[in-house]
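Just below is one structure, and these are the notes that go with it.
All figures in this text were calculated on a predicted structure; none of them were measured in a lab.
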Amino acid sequence: MKILVCVTSVPDTTTKITFTDNNTKFNKAGVQFITGPYDDYALARAVELKEKLGASVTVFNVGEADAEPVIRKCLAIGADDAIRVNAEPIDAYFVAEQIAAVAKETPYDLILMGRESIDYNGGQVHGIVGEMLGIPSISPVMKLDVEGTTAKMTREIEGGKEDIEAQLPLVLGCQEPIAEWKIPNMRGIMTARTKPLKIVQPAGQDSLTAVANYEMPAPRGAVKMIPADEAETLIKLLRTEAKVI
Amino acid sequence: MSVLIFAELDEGKLKKSSQEAIFYGSKVAGMMGTSATAVVIGAADQGELATAGRFGATKVLHAADGKLNEPNGMAYASVVAAAAQQEGAKVVVLAKSSLGDAMAARLAGKLKAGLAPNVIELPDMSSGFRVKTSIYTGKAFAFNELKADVKILAIKKNTIATEETDATATVENFAPSLNDADFALRVTNTEKATGDVLLPEADLVVSAGRGLKGPENWGIVEDLAKALHAATACSKPVSDLDWRPHHEHVGQTGIKVSPNLYIAAGISGAIQHLAGVNSSKVIVVINKDPDAPFFKSADYGIVGDVFEVLPKLTKAVQAL
Ligand SMILES: Cc1cc2nc3c(=O)[nH]c(=O)nc-3n(C[C@H](O)[C@H](O)[C@H](O)COP(=O)(O)OP(=O)(O)OC[C@H]3O[C@@H](n4cnc5c(N)ncnc54)[C@H](O)[C@@H]3O)c2cc1C
Ligand SMILES: Cc1cc2nc3c(=O)[nH]c(=O)nc-3n(C[C@H](O)[C@H](O)[C@H](O)COP(=O)(O)OP(=O)(O)OC[C@H]3O[C@@H](n4cnc5c(N)ncnc54)[C@H](O)[C@@H]3O)c2cc1C
C-alpha cells in the first residue's frame, strides 16, 4: 500500500497574528511554525497503518524552503520519504493541482490530509484533489481501517457520525481521534536526516484567487462584570441591552 | 447569468443557514442586475420549496431523484454543476456546513472556480470581485480577489441578517443525469442526535468545560440550553475525556461557531478554544477564577461557581 500524506507548515496555534507592508504580508518574524494539527493526525494514522499492514508513507508539501523543518519532523515520526513542491502555496486550487500531478505520476492508495489548514481554514484541498483524480473524497474522517482494498471509516456529520465503506484509492481529510499525535524519538530524528527529500517544480500556474490585503478584527469592548448573587441580571441585560435572547 | 444558491434541507425543511445563503445570493444577484435561483436536492414538498422566494430566490430547481434522498457531497456537487451550466451561473453561493464544504470543493474542481471559504460580508464589485473572508481561525480577515470566471462563495453563519417578504418562488423539476461514480461510498451506519438544536446552525450556544468536573454534571448545562432553545457545546478536553460527544467540541481543532450568543461555563479560555468561538456576537463567561483568560474576550462575565450560577440563569430564563 502506498500512502501520501499532505502536510502544511503553519504558525503555532498560540501565535499572535500580525501583518506588515501596510497589511499586505503575513509577519513571519518570531513565529514558530508547526505541522498543521490535523495533518499531524493524518500522519500518525499513516504511520500506524504502515506498522500494522506494511505500507510506504510519503510526505508531501507545497511550500518554500522554510517548510523543511516541518517535513523533516514528519520523516522523524516515521514517513519514508518526502516531496516538496518548491512554490508559495497560492490557494487551495493551486495546492490541489500539485498533489494531483504527483498522484497521476505515482498512484497512491490513500491520500491523507488534514480536515483543514489552520491558516486559511479552507477544508477544500481534499475535495478538489478528489475531483481532479476522479476518486471519492471524504472529510472529516475520525476513524480509518483498511482491509484489503476496502477502507472502513467513520466520518463526523452535524450532530453525529456515520460509518462508511469505500474502495481504495481515496482522498481523506482527517481529524481526531483517528490516531494519537506522535512525537519523534531520537532515533527517528537521526534517521530523518538521511531520508530522501525530493524537491520538484510546480506543475501549472493557475491562480484563481489573490489576497489583496488583510485586516485585524476590531477588539471587543470592555467586559461587563455581574456579581454572582445577581446572576439573573445577566438574563435581563442579554434581552434588553445585547438583544440576543 | 443568474446567481445560483445551493439550499440545504434538514428533514424536508430549508436550513436556517441556507435561508441566509439564499438571501445573500439574492443581494449579490441584485448587485449584478440578475436574478437568484436556488437549487434544492432531496425530498421536500412544493410549499416548503416555494418559501425560498421569501428570502429572494425567484426560481427553485428541485432535484428529487430518489437516489439523492441521502446527502451525498459528490452527487450533489454534480447536480449543482449541471444547474450552473443550465443557468449560465457565474456565482454559486452556499452555506458552510459539512455537506456544503464537501460540495464547494468538488464544485471548484469541476468548474475551475475561484473559491472563497468562510465569507463574512457581501462582495465588493466596484473593481473586480472581492470578498472578505475569515482566516487564521477567526484571528484575522483577508480581502480575497476572485479572478476565475466562475466564483464560489461559502458563507459563514451570521454573515447577513435575513429579511423576508411574502414572495414565492416558482419551482421547476430538475433532473440531470446522475453519475454512478458519485455513489461509490457505502454508508453502513448513521448515528445522529434528533430533536436537538444542531450546533453549527444554532443562534444560541451554551458551552461548558472541565470546570464541570464530570459528565454526570451536564444536567445544569442542558437545562439552561433547553430553556434558551440553545445548542450545547464543550471544550476539547471534555470531548477527549468522552464526557461529551466529539461533534460538540468547539475550537481550533473542533467546530467553529459564530452564534449570536455564546455562554462559556467553566472554560478557561485557551487561545485554541477562543479560535473557534471568537466570531460569536456576544460572549458570556462564567468562571470561579477572576483571572481566567476568557474574561478578556468576553462581553459579560460572572465570577462564580457554575453549580450555583447556571441553575440561577435557567430560572431567570424560565421566568421571562
Ligand atoms: C507565505 C504563505 C502565503 C500564503 N498565502 C495564501 C493566500 O494568499 N491565499 C491562500 O488561499 N492561501 C495562502 N497560503 C496557503 C495556505 O497555507 C494553504 O496551503 C492553501 O491556501 C490551502 O489552504 P486551505 O485552507 O484551503 O487548505 P485546506 O483545504 O483547509 O487544507 C486541507 C489539507 O490539505 C493539505 N494541504 C493544504 N495546503 C497544503 C500545502 N501547501 N502543502 C501540502 N498539503 C497541503 C493539508 O493536509 C491540509 O490539512 C499561503 C501560505 C504561505 C506559507
Ligand atoms: C494544537 C492544539 C489544539 C487545541 N484545540 C482545542 C480546541 O479546538 N478546543 C479547545 O477547547 N481546546 C483546544 N486545545 C486545548 C486548550 O489549549 C485547552 O487545554 C482547553 O481549551 C482547556 O479546556 P477547559 O477550559 O475546559 O479546561 P481548563 O483549562 O482545565 O479550565 C477549566 C476552567 O474551569 C474553571 N472552573 C473550575 N471549577 C469551576 C467551578 N466550579 N465554577 C466555575 N468555574 C470553574 C477553572 O477556573 C478553569 O478556568 C488545543 C490545544 C492544542 C495544543
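For a residue to count as touching a neighbouring chain, one of its non-hydrogen atoms must lie under 4.5 Å from one of that chain's; by this rule A/Gln175 touches chain B with the side chain only. Residue B/Val285 does not touch chain A at all, counting heavy-atom pairs closer than 4.5 Å. Residue A/Ile226 touches chain B through both its backbone and its side chain, counting heavy-atom pairs closer than 4.5 Å. Contacts of B/Lys236 with chain A are made by side-chain atoms alone, with heavy-atom separations under 4.5 Å and no backbone atom involved. Interface remark: B/Leu198 contributes side-chain atoms only to the contact with chain A (heavy atom separation under 4.5 Å). Neither the backbone nor the side chain of B/Lys151 comes within contact range of chain A; no heavy atoms are under 4.5 Å apart. Interface remark: A/Ala151 contributes no atoms to any contact with chain B (heavy atom separation under 4.5 Å). Heavy atoms of B/Asn189 lying under 4.5 Å from chain A belong to its backbone as well as its side chain. Both the backbone and the side chain of B/Ile135 come within less than 4.5 Å of a heavy atom of chain A. Interface residue A/Ile245: only side-chain heavy atoms are found under 4.5 Å from chain B. For a residue to count as touching a neighbouring chain, one of its non-hydrogen atoms must lie under 4.5 Å from one of that chain's; by this rule A/Met142 touches chain B with the side chain only. At a 4.5 Å heavy-atom cutoff, A/Asn23 makes no contact with chain B through either its backbone or its side chain. Residue contact with chain A, scored on non-hydrogen atoms closer than 4.5 Å, involves the side chain of B/Gln272 exclusively. Looking at A/Ile17, only its side chain comes within 4.5 Å of chain B, counting heavy atoms on both sides. Heavy atoms closer than 4.5 Å to chain B are found in the side chain of A/Ile138, but not in its backbone. Of the atoms belonging to B/Pro200, it is side-chain heavy atoms, and not backbone ones, that fall under 4.5 Å from chain A. Contact of A/Pro37 with chain B is made through the side chain alone, with heavy-atom distances under 4.5 Å. Residue A/Ser139 does not touch chain B at all, counting heavy-atom pairs closer than 4.5 Å. For B/Ala230, no part lies near chain A; criterion is any non-hydrogen pair under 4.5 Å. With a 4.5 Å cut-off on non-hydrogen atoms, A/Ala96 does not touch chain B at all. Both the backbone and the side chain of A/Ala210 have a heavy atom closer than 4.5 Å to some heavy atom of chain B. Interface remark: A/Pro140 contributes no atoms to any contact with chain B (heavy atom separation under 4.5 Å). Residue contact with chain A, scored on non-hydrogen atoms closer than 4.5 Å, involves the backbone and the side chain of B/Ala140 alike. For B/Ile283, the parts lying near chain A are the backbone and the side chain together; criterion is any non-hydrogen pair under 4.5 Å. Proximity to chain B (any heavy atom under 4.5 Å) is shown, for A/Ser207, by both the backbone and the side chain. Using a 4.5 Å cut-off between heavy atoms, B/Asp240 contacts chain A through its side chain alone, with no backbone atom that close.
Side chains of A/Ile111 and A/Ile3 form no contact here, defined as non-hydrogen atoms less than 4.5 Å apart. Annotation: side chain of A/Leu144 is in contact with side chain of A/Leu172 (closest heavy-atom distance under 4.5 Å).
Contact count against chain B (heavy-atom pairs under 4.5 Å) is highest for A/Arg220 among A/Arg220, A/Glu162, A/Lys224. With chain A as the partner, the residue from B/Gly114, B/Ser134, B/Ala116, B/Ser98 showing the most heavy-atom pairs under 4.5 Å is B/Ser98. Most heavy-atom pairs under 4.5 Å with chain B, from the set A/Gly123, A/Gly122, A/Pro136, A/Gly114: that is A/Pro136. With respect to chain A, the highest number of heavy-atom pairs below 4.5 Å among B/Val303, B/Leu99, B/Val309 belongs to B/Val303. Ranked by heavy-atom pairs shorter than 4.5 Å toward chain B, the options A/Thr154, A/Val211, A/Thr14, A/Val223 are led by A/Val223. With chain B as the partner, the residue from A/Tyr93, A/Phe19, A/Tyr41 showing the most heavy-atom pairs under 4.5 Å is A/Tyr93. Between chain A and the options B/Met74, B/Glu145, B/His246, heavy-atom pairs under 4.5 Å are most frequent for B/His246. Counting heavy-atom pairs under 4.5 Å between each of A/Val10, A/Thr233, A/Leu237 and chain B puts A/Leu237 at the top. Of the listed residues B/Gly304, B/Ala142, B/Ala102, the one with more heavy-atom pairs under 4.5 angstrom with chain A than any other is B/Ala142. When each of B/Lys256, B/Glu308, B/Glu248 is scored by its heavy-atom pairs under 4.5 Å with chain A, the top score falls to B/Lys256. With chain A as partner, the option from B/Leu228, B/Asp10, B/Asp101, B/Leu115 having the largest number of non-hydrogen pairs under 4.5 angstrom is B/Leu115. Comparing A/Glu97, A/Glu156, A/Arg155, A/Met216 by heavy-atom pairs within less than 4.5 Å of chain B, the highest count is held by A/Glu156.
The closest side-chain donor-acceptor pair between A/Gln167 and A/Thr149 falls under 3.5 angstrom. For the 3.5 Å distance criterion, the side chains of A/Ser117 and A/Asp119 qualify, holding a donor opposite an acceptor. A side-chain N or O of B/Ser17 and one of B/Glu201 form a donor-acceptor pair less than 3.5 Å apart. For the residue pair B/Glu8/B/Ser97, the side-chain donor-acceptor check at 3.5 Å is satisfied. Defined by atom type and a distance below 3.5 Å, a donor-acceptor pair is present between the side-chain atoms of B/Ser78 and B/Asp182. Judged by distance alone, the side chains of A/Thr209 and A/Asp91 do bring a donor and an acceptor atom under 3.5 Å apart. Looking only at atom types and distance, the side chain of B/Asn158 has a donor-acceptor partner in the side chain of B/Asn260 under 3.5 Å away. With 3.5 Å as the limit, one finds a donor-acceptor pair spanning the side chains of A/Glu241 and B/Tyr300.
Checked for salt-bridge contact, A/Glu232 and B/Lys315 miss the test: no charged N lies under 4.0 Å from a carboxylate O. Salt-bridge formation is not detected for the pair B/Asp299/B/Lys281: no Lys NZ or Arg NE/NH1/NH2 atom is positioned less than 4.0 Å from an Asp or Glu carboxylate oxygen. Taking a cutoff of 4.0 Å between a charged side-chain nitrogen and a carboxylate oxygen, A/Asp163 and A/Lys143 do not qualify as a salt bridge.
Rounding to the nearest 0.5 Å places CZ of A/Phe94 at 11.0 Å from CD1 of A/Ile99. Going from atom CG of A/Asp40 over to atom CZ of A/Arg45 covers 15.0 Å, rounded to the nearest 0.5 Å.
The shortest heavy-atom contact between A/Ile235 and B/Ala316 is CG1-CB, 3.7 Å.
Side chain of B/Ser258 to main chain of B/Lys157: a donor-acceptor pair is present (N/O by atom type, distance under 3.5 Å, no hydrogens or angles).
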Please determine whether side-chain hydrogen bond (donor to acceptor under 3.5 Å, both in side chains) holds for the pair A/Thr8 and A/Asp39, giving the CA-CA distance in whole Å, both sets of side-chain angles, and the decisive distance to 0.1 Å.
CA-CA 7 Å; A/Thr8 50; A/Asp39 313 347; 2.5 Å; yes
Check step by step if side-chain hydrogen bond (donor to acceptor under 3.5 Å, both in side chains) holds for B/Gln252 and B/Thr137.
CA-CA 7 Å; B/Gln252 179 102 52; B/Thr137 331; 2.9 Å; yes
